[in-house]
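First comes the structure, then the notes that go with it.
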Amino acid sequence: MSIKKVGELLVEQNLVTQEQLGEALELQKVFPEQPIGQLLCKLGFIKESDLSFVLDQKNKRRKLSDILLKNGLVDQQKISHAREISKQSDITFDKALLKLRYIDDEQLAQAIAGQYDLPYVKINTLDLDASLSRYISAVYAQKQRIAPISKIGNTLTLAMAYPLRHHDIRELEDSIRLKIISAIATEADIYKVLKRLYNIDVVSTISANDEVNLDIVPDSIVDLLSKSSGSDEPEVEEETKKVTEKDSVIVKLVNKIVYDAYMNKASDIHIEPYPGKKDVVVRTRVDGHCSIYQKIPYKYKFAIPSRIKIMADLDIAERRKPQDGKIDFKKFGPLDTELRVATMPTVGGLEDVVIRVLAGGEPMQFGELGLTERNMRVFNESINSPHGLILVVGPTGSGKTTTLHSGLAMINTTNRKIWTAEDPVEITQPGLRQVQINPRIGFTFAAALRSFLRLDPDVIMVGEMRDEETASIAVEASLTGHLVFSTLHTNSAPETVTRLLEMGLDPYSFSDSLLCILGQRLGRRLCKDCKESYHPSEQEIEEIIEEYGREDFANTGLGRSDLKMNRAVGCERCGHSGYRGRLGIHEVLECGPKLKSLIKRRADTDTVREQAALDGMTTLKQDGILKVFQGITDIHEIRRVCIK
């Protein structure tokens, strides 16, 4: 069904003719910023009131978010966040924008005025005539958030925070026997008028909301720290007592740290207190790179860890041994995210706290993983096999879970039963039966895997092969008709083979079950807005070819003269780092007949690597160098994340 435009609706309702619409459309070519309805009004073809009625009735008003975006007051990320808050807190979208301090009340009022084609007024209460109060009752004015601000002849001008409905204005005009002109003002200005005309004190709903939720998004961390008092060396008990009594500055401070980390897409927050009068250092890890976020006065060195422990339901009196827990942050703020908390006693009776910000949400599209054509083919064939073992390997934080879930999303259909055991469950997918393991009560990966086999699965995903027991059950499951996905913490795909054999796996069963091993790293992606292209020098090309391997480089078909590279520069959008976002660097070992034979003979890592290369595997570093020549990242980043 096609959506009718405003002009078509006005013609359809016989409010303007086709010729008049054509004239307005011609005028719009000269004034492209002007809506067609306003041009028809200026040409005298239609009344403002008739246009307003049609726009409201047919829901044809411009969206508030579009106006704010166009005026450059907010970006798409802030709009999405405000919508999320409005749902969670059950408040309107505009109230969410105000509560998050993304716009002020004057900017909001001006945007609403633009949305409804009404004038925006700034009211001077000293100029108001006290007799205006007799035209509108105090109760009605307070309820509707309106205020009379002037009367000329038979026309009364009403200031309102949000436009009244067409029907309500008509009823009000009949009641007071005056023509009404609407204008938009800030809620604060309207309440000042109500105070002057009716002598009623109205508490702004905006400020009331802010007061309740100020712990969520404080002004800035600098403002918070300036509110602190006292400068003496703090006592442990005294600071802990403050925190248990919900000292507002500490509560806001912790919430602000978490909020900023989440908005900056940080994966971890490190709280590092030092003995004596040294500041508490807060560092965040963004795109795998750790940097100082803020230094906080030493007087908070006991209070901040205690506050985080209270949020995570940990024992705040226990400071001698490590503890770990989790925080459901939506209980404390507007972000629907889960935090993993680990504490560690350090010198001077202090405690470090590391918070993992779990990036939940939808799985990444398989095509967005950044796999080369050959790697994608091998991995795709493996995940579409009826049974077998697929491993994704790499260090912590290398994106293994993201890759596994992207693969599962490809085969997540109604005719397949998929069970996953994870720690923690970060990415959720409808159709998957996902289980959170709990080693404290004996519910380990091995126990979950054993139970899954009794639940008629087609596909099983085990978060990690931590021991020989889990690995053995996974191999057995893959040999009994199940497709099994899992991860290991190894440096490369070839090393994984020897690691599992050293764990005690039967080489015959393992070689029969293995389909492929995908090794990966995450490198920082060059910022698209500021990266700079250049032709590398002969010396630089020589070094890169040496690292890639001369014979292998000759097989790529790349000519020296065609090689282009990019370097990091730095701009506002990437925080002057030169990098924004991350990319995957991969190596995919395909388990063909020759490799199976080597596994049965318990071959060493070098032999496995040589055979994998003959089968077409490009190493992590080679894959990274190819991405350097594509202009996605730079050689320094590849050297940083790839050892060999």
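In this text, all values refer to a predicted model and were calculated from it rather than measured experimentally.
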Ignoring hydrogens and angles, state whether a donor on the side chain of [X] or [Y] is under 3.5 Å from an acceptor on the partner side chain.
X    : Y    : result
Y579 : D634 : yes
H405 : E422 : yes
Y534 : E540 : yes
Y274 : D279 : no
S597 : R601 : yes
E318 : Q323 : no
N380 : N384 : yes
E468 : S472 : yes
D512 : S509 : no

Original post:
Does atom CZ of R340 have more than 12 heavy-atom neighbours from other groups under 6.0 Å away?
Top reply: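 Yes - once you tally the heavy atoms of other residues, nucleotides and ligands closer than 6.0 Å, there are more than 12.
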In terms of side-chain geometry, is the basic nitrogen of [X] or [Y] positioned less than 4.0 Å from the acidic oxygen of its partner?
X    : Y    : value
K594 : E610 : no
R640 : E637 : yes
K621 : E587 : no
E373 : R377 : no
D313 : K326 : no
R440 : D324 : yes

Original post:
So, for P273 and K301, which heavy atoms are closest and what is the spacing to 0.1 Å?
Top reply: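 That would be CB-CB, 3.8 Å.
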Original post:
Of all heavy-atom pairs between A474 and V484, which one has the smallest distance, and what is that distance?
Top reply: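 Nearest pair, atom of A474 first, then V484: O-CG2, 3.8 Å.
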**OP:** Using atom types as modelled and distance alone, determine if a side-chain donor or acceptor of D287 lies under 3.5 Å from a backbone N or O of G581.
**Re:**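 Checked: pair present.
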**OP:** Take Y259 and H81 through the ring-ring contact (aromatic ring centres under 6.0 Å, His included) test and state the conclusion after the steps.
**Re:** CA-CA 12 Å; Y259 177 82; H81 187 216; 5.7 Å; yes
Original post:
Hey, are the side chains of L515 and L483 touching, using non-hydrogen atoms and a 4.5 Å cut-off?
Top reply: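 Of all side-chain heavy-atom pairs linking L483 with L515, at least one is under 4.5 Å.
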Original post:
Can you check whether F452 reaches T420 side chain to side chain, under 4.5 Å on heavy atoms?
Top reply: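 Not in contact.
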**OP:** Could you check D615, L518, V608 and say which one makes a side chain to side chain contact (heavy atoms under 4.5 Å, CB included) with L589?
**Re:**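 Result: among D615, L518, V608, V608 is the only option passing the side chain to side chain contact (heavy atoms under 4.5 Å, CB included) with L589.
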